[in-house]
Amino acid sequence: MGDAVKVRRLSTDSNLDRPMGRAELRAESVTRVFRSRRSEVHALGPVSLTIGAGQFVSLVGPSGCGKSTLVKLIAGLLTPTEGEFTIATPDGRPPTIATVFQDFGIFPWKTVLDNVALALRAQGVDAPTARSRAVHWLERMGLESFQKAYPSTLSGGMKQRVAIARALATEPDVLLMDEPFASLDASLRQLLQEDLLTIAQQDVGRTVVFVTHSLEEAIFLSHRVIVMSSRPGTVLDDVEVPFPRDRDASIRESLEFNTLRGTLWEHLKGQVSRPQTTKGR
Amino acid sequence: MSSDTTPVRDDFVVALRRQPARSIQGQRVYERRHRLINTGLAIGVPLVLLALWEVSSRTGLIDHRTFPAPTTALGEMVNLARDGELQRHVWATLRRILIGYPIGAAVGLFVGVVMGTSPRIRAALEPTLNGLYVVPKITLLPVFLSILGFGEPPMIALIAVTVFFFVWIGTMEAVVSIPGGFGESAQSLGLGRVATLRHVTIPAALPNLFVSLRVGMTIAILVIVAAEFVVGDSGLGYLIFHSRALFIYGWMYAGILLVALMGVILAAVVTGLGRWATPWMAADRARLRGLGG
Ligand SMILES: Nc1ncnc2c1ncn2[C@@H]1O[C@H](COP(=O)(O)OP(=O)(O)OP(=O)(O)O)[C@@H](O)[C@H]1O
Ligand SMILES: [Mg+2]
């Protein structure tokens with residue numbers, strides 16, 4: 001992969017204190033247009049952006065601005081219409097990528113345990129190891145008593161936790177999460193945010209792209225928050241979060257946290273189109 | 001029930017009540033009764049119809065020569081069974097199905113999955129197969145007779161081809177209509193072609209696939225009985241058709257009854273296999289039966 005070398009050299013990684021990352025993501029004037037016989041939707045871009053190795057980056061933006069499209073581009077499920085997307089690794093070997101999809105992406109015909117184990121089996125992990133690792137992550141997600149259940153018998157939030165367990169169990173170089181906590185109740189959401197923070201702190205090598213509608217969540221978890229404009233989504237704002245990697249829940253109460261949230265909200269607010277019939281608050 | 005639900009506002013009266021349909025204990029009793037009633041109806045309705053027939057035939061309400069009483073027909077059936085003739089016919093039909101159906105189903109599944117997963121092969125073969133699909137399969141009997149001669153091969157080929165078309169089209173449509181998100185999910189897990197087929201494509205298509213397998217079974221019986229009317233000297237179709245020619249209506253009805261019975265049993269076997277193969281659909285099935293939910 002010649003690209004890998006090129007991108008690494010050109011990288012303007014602002015997190016030089018984190019040399020442990022295993023994959024750097026870079027978008028160069030990427031656009032995506034969905035064409036069908038009847039219509040043409042310019043969903044995304046042009047977006048240029050570098051996500052440093054080991055960085056935890058949150059994407060926020062109005063509904064329909066192309067966040068999921070960007071995630072699928074990174075995951076390799078879509079190709080850009082224009083521009084180029086590259087992933088660079090230290091040895092030029094393709095990184096492992098795991099994705100938590102907005103609509104869960106778990107398989108209804110497999111039990112909770114088999115859903116998680118399948119991801120590991122796909123990576124060549126032997127069956128007994130896959131099983132015990134899957135059990136470990138299900139326990140971590142509070143699903144140990146539902147291992148043998150089929151997803152159709154679970155609540156929305158439980159299915160989402162299965163999807164999260166599946167992604168985390170593979171211990172990927174790049175973790176893509178598309179609104180993973182959207183259908184969880186507030187307290188569980190907070191618990192899992194703290195869990196994810198701990199996981200991110202333990203494994204500093206992982207590059208994470210996290211899509212969310214919650215500014216608090218974005219600030220709390222990430223090193224960097226990217227605010228996207230309404231469709232076609234472009235980078236409107238790119239803000240470093242001024243907290244150290246080793247942070248804890250108490251930062252939520254700090255003045256800096258709330259000031260940052262206020263600033264980001266100011267930027268985001270202008271992008272959210274209100275229904276024509278109602279007057280702004 | 002005994003709790004006080006009098007409105008706080010004394011100028012209001014209760015307008016709607018939402019109460020438990022039944023207690024937990026009662027629910028269990030209800031479910032058992034629900035099952036009992038449904039089973040009872042399933043068995044009772046045909047029995048009542050047979051009883052009505054019996055009475056009408058015996059009282060002369062309908063002509064007992066063209067419509068012999070079920071008990072009469074049963075007697076003649078027992079006579080036919082005594083010298084093994086009935087068993088020979090049942091076995092002839094059953095054997096043709098047991099050989100022809102799996103062949104047709106297997107080839108149909110294979111071609112359906114291949115065409116469902118490859119747009120290129122679909123583009124190449126679909127118009128041709130669609131053209132053949134609309135041809136009533138029984139019209140192929142003369143063709144098979146001239147190619148394969150008389151005897152078992154043309155009969156088995158007819159069943160196989162009939163089943164093939166139903167299973168092929170059902171499988172292809174089931175595969176094509178799998179939501180794209182599953183494919184993306186499989187791709188993101190890094191599943192290869194074979195693993196995707198095994199862990200995603202086939203299970204996703206399985207529920208719809210079993211619908212076409214069941215329809216295929218019913219059509220197989222229909223076609224083989226029709227073929228037996230015209231060719232050969234065995235099978236339930238032969239028995240039905242030739243009893244009429246001999247004016248032994250009892251045998252004719254016995255034959256019809258046995259065809260129906262065979263159809264019900266074979267379709268139930270396919271349905272049972274489908275249930276066994278799709279355990280994740282159990283909750284949906286309970287809802288369909290009117291339980292739970
Ligand atoms: N497969 C597709 N075919 C056609 N249009 C699509 C497709 N996928 C997405 N789009 C369009 O692209 C735009 C961006 O969609 P996307 O799902 O990326 O938005 P999003 O930012 O994730 O929104 P949300 O926050 O609501 O999840 C939308 O207008 C959508 O209609
Ligand atoms: Mg989305």
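- The 12-atom threshold is exceeded at CZ of B/R122, counting heavy atoms of other residues, nucleotides or ligands nearer than 6.0 Å.
- Using a distance-only test at 3.5 Å, with no hydrogens or angles considered, no donor-acceptor pair links the side chain of A/W109 to the main chain of B/P279.
- Side-chain contact between A/R166 and B/L189 is present, with at least one heavy-atom pair separated by less than 4.5 Å.
- You'll find the side chain of A/T153 stays beyond 4.5 Å of the side chain of B/W280, heavy atoms only.
- For A/F146, the CZ atom is loosely surrounded, since the number of other residues' heavy atoms within 6.0 Å does not exceed 12.
- Residue pairs that meet the side-chain hydrogen bond (donor to acceptor under 3.5 Å, both in side chains) test with at least one member in residues 108-121 of chain B, sequence neighbours left out, do not exist here.
- Crowding of A/E144 atom CD: a count of heavy atoms from other residues, nucleotides or ligands under 6.0 Å exceeding 12.
- Within residues 70-79 of chain A, the residues that have a heavy atom under 4.5 Å from a heavy atom of chain B are A/K72, A/G76, A/L77, listed by number.
- Within a 6.0 Å radius of CZ in B/R95, other residues, nucleotides and ligands contribute 12 heavy atoms or fewer.
- Distance CD/B/E184 to CG/A/D103: 8.0 Å, rounded to 0.5 Å.
- Other residues, nucleotides and ligands contribute over 12 non-hydrogen atoms within 6.0 Å of the CZ atom of A/F34.
- Rounding to the nearest 0.5 Å gives a distance of 10.5 Å between CD of A/Q123 and CG of B/L191.
- Nearest approach of A/F101 to B/S188, heavy atoms of both residues: CE1-OG, 3.5 Å.
- Within the 4.5 angstrom heavy-atom criterion, no atom of B/P207 approaches chain A.
- Proximity of B/V200 to A/F107: side-chain heavy atoms (C-beta onward) are separated by under 4.5 Å at one or more points.
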